[in-house]
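Quick note on labels: first sequence line is chain A, next is B, and so on, each numbered from 1.
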2 protein chains.
Amino acid sequence: MGARPLQDDDAPAAACSIARSLDIVGDRWSILILRDAFRGLRRFDQIRRDLDIPKAVLADRLRKLVEAGVLARHRYQDHPPRHEYRLTAMGRELSPILVALMQWGDRWLSENGPPTVLVHEPCGTEVRMALHCTTCGEDFPPTAITSRPGPGAAALRPPTEST
Amino acid sequence: MGARPLQDDDAPAAACSIARSLDIVGDRWSILILRDAFRGLRRFDQIRRDLDIPKAVLADRLRKLVEAGVLARHRYQDHPPRHEYRLTAMGRELSPILVALMQWGDRWLSENGPPTVLVHEPCGTEVRMALHCTTCGEDFPPTAITSRPGPGAAALRPPTEST
DNA sequence: CTAGCTCGGTTCGGAATTCGAACCAAGCAT
DNA sequence: ATGCTTGGTTCGAATTCCGAACCGAGCTAG
């Protein structure tokens with residue numbers, strides 16, 4: 001996106017979308033920064049104060065997130081040129097990850113019930129996320145999942161090796 | 001280490017389930033280890049080879065994941081006492097997080113389509129995860145979410161502050 | 001019986017990251 | 001002119017990560 005100069009680990013960073021995603025958001029601070037972005041925080045200092053993160057680390061993470069394309073830097077004032085960081089479409093689509101993290105924490109780590117509840121605005125009731133089958137139209141437990149290679153698996157396996 | 005002596009940041013580690021979850025899985029290796037666990041890898045050396053992770057780091061992460069309760073150590077052989085690591089119920093429920101990471105990577109980071117596809121076994125079709133409203137019964141975009149304090153928010157806010 | 005192999009680690013020293021504190025710069029307010 | 005705010009950068013110290021070596025219990029081949 002930004003201009004990533006074609007990293008060392010070439011074409012397919014990893015044959016796994018989870019690993020690829022983690023290259024971008026697989027870091028405690030990055031996720032927390034994105035959480036703040038979803039909560040509407042956009043300015044360097046807002047985020048810094050909220051997370052109590054060292055400035056150097058915040059600057060570094062923001063730069064990387066912008067480079068990756070999940071945040072965009074917008075000039076919101078000219079004279080002392082100031083920028084704020086906003087979620088891009090790519091960034092907004094990270095929400096299922098955050099919601100999943102939140103739900104899991106709610107369920108297993110919150111003695112007194114969830115500290116925050118997400119609400120589906122149009123109807124005002126609570127959001128829940130579940131594994132969903134588009135064919136059945138039903139939700140199901142994690143145990144009902146299998147996997148198979150998808151289209152992107154081609155060209156990853158050197159045809160010799162087959163374990 | 002052994003028994004964590006009641007950390008400095010006392011009662012509610014953070015007023016945010018995301019932050020709490022990240023205390024456990026907010027680390028690149030931990031997530032990758034859990035992914036392997038979902039894929040059926042259970043032994044130290046299997047995982048080590050698959051991830052190409054330094055042994056010391058793997059030992060450390062496994063210990064922490066067991067401590068946290070997402071993995072359990074099972075003796076699978078007695079004489080040279082050997083153990084394997086299995087997902088607990090708590091661990092299995094992390095799957096939405098992994099699925100969300102995977103879907104996001106599929107969508108934004110996979111030029112040639114998803115390297116792996118998850119399948120809903122009973123019906124054989126592809127799994128998709130979406131934000132879902134239990135009342136409407138419909139899926140919706142991230143922009144349709146608001147939040148409000150939940151039950152666990154009590155005792156967290158000093159009653160003075162209200163921004 | 002002894003050399004080598006496997007599995008599941010631990011230990012060690014050096015390299016890379018992170019941290020907190022200090023500093024910088026541009027502009028505004030007093 | 002002094003200080004405050006925003007958005008950083010720089011620096012040395014502390015932490016964490018890495019890779020390689022080693023360990024120990026048991027098995028196996030010769």
Measure the distance from [atom1] on [X] to [atom2] on [N] and round it to the nearest whole Å.
X	N	atom1	atom2	answer
Leu58(A)	dG20(C)	CG	C1'	14 Å
Asp52(A)	dA21(C)	CG	C1'	13 Å
Leu62(B)	dG8(C)	CG	C1'	10 Å
Leu41(B)	dC7(C)	CG	C1'	15 Å
Arg49(B)	dC7(C)	CZ	C1'	9 Å
Asp60(B)	dT10(C)	CG	P	9 Å
Arg63(B)	dT11(C)	CZ	P	12 Å

**Message:** Between Ala59(B) and Arg61(A), which residue's closest nucleotide on DNA chain C lies nearer the 5′ terminus?
**Reply:**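 Upstream on the strand: Ala59(B).
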
Check your understanding: Do Met102(B) and Ser21(A) come within less than 4.5 Å of each other through their side chains, counting heavy atoms only?
Key ->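 Result no, sub-4.5 Å side-chain heavy-atom pair not found.
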
Under 4.0 Å between a side-chain nitrogen and a carboxylate oxygen: does that hold for [X] and [Y]?
X	Y	value
Arg75(B)	Asp78(B)	yes
Lys64(B)	Asp23(B)	no
Glu84(B)	Arg82(B)	no
Arg35(B)	Asp50(B)	yes
Asp27(B)	Arg61(B)	yes
Arg42(B)	Asp36(B)	no

Exercise for review: Determine the contact category for Arg48(B): base if any of its heavy atoms lies under 4.0 Å from a base atom, sugar-phosphate if only primed atoms, P, OP1 or OP2 are that close, otherwise nothing.
Suggested key: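 The residue Arg48(B) makes no contact with any strand.
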
**OP:** With heavy atoms under 4.0 Å as the rule, sort Arg28(A) into base, sugar-phosphate or nothing.
**Re:**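 Answer is nothing: Arg28(A) stays at 4.0 Å or more from every strand.
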
Report, as yes or no, whether the 6.0 Å neighbourhood of atom CD on Gln77(A) holds more than 12 heavy atoms from other residues, nucleotides or ligands.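 Counting other residues, nucleotides and ligands, CD of Gln77(A) exceeds 12 neighbours.
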
Item checked: Terminal contacting nucleotides, 5' and 3', DNA chain D versus chain A (heavy atom, 4.0 Å) ->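 Nucleotide range in contact with chain A: dT6(D) to dT10(D).
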
Considering only heavy atoms, which members of residues 70-83 of chain A lie under 4.0 Å from some atom of DNA chain D?
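Those residues whose heavy atoms fall under 4.0 Å from DNA chain D, taken from residues 70-83 of chain A in numerical order, are Arg73(A), Tyr76(A), Arg82(A), His83(A).
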
Side chains of Arg20(B) and Ser110(A): donor-acceptor distance under 3.5 Å anywhere?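 Per modelled atom types, Arg20(B) and Ser110(A) side chains form a pair under 3.5 Å.
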
**Asked** So does Tyr85(B) get a side-chain nitrogen or oxygen closer than 4.0 Å to the phosphate oxygens (OP1/OP2) of dG9(C)?
**Response**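 So the side chain of Tyr85(B) is within the cut-off, an N or O lying under 4.0 Å from OP1 or OP2 of dG9(C).
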
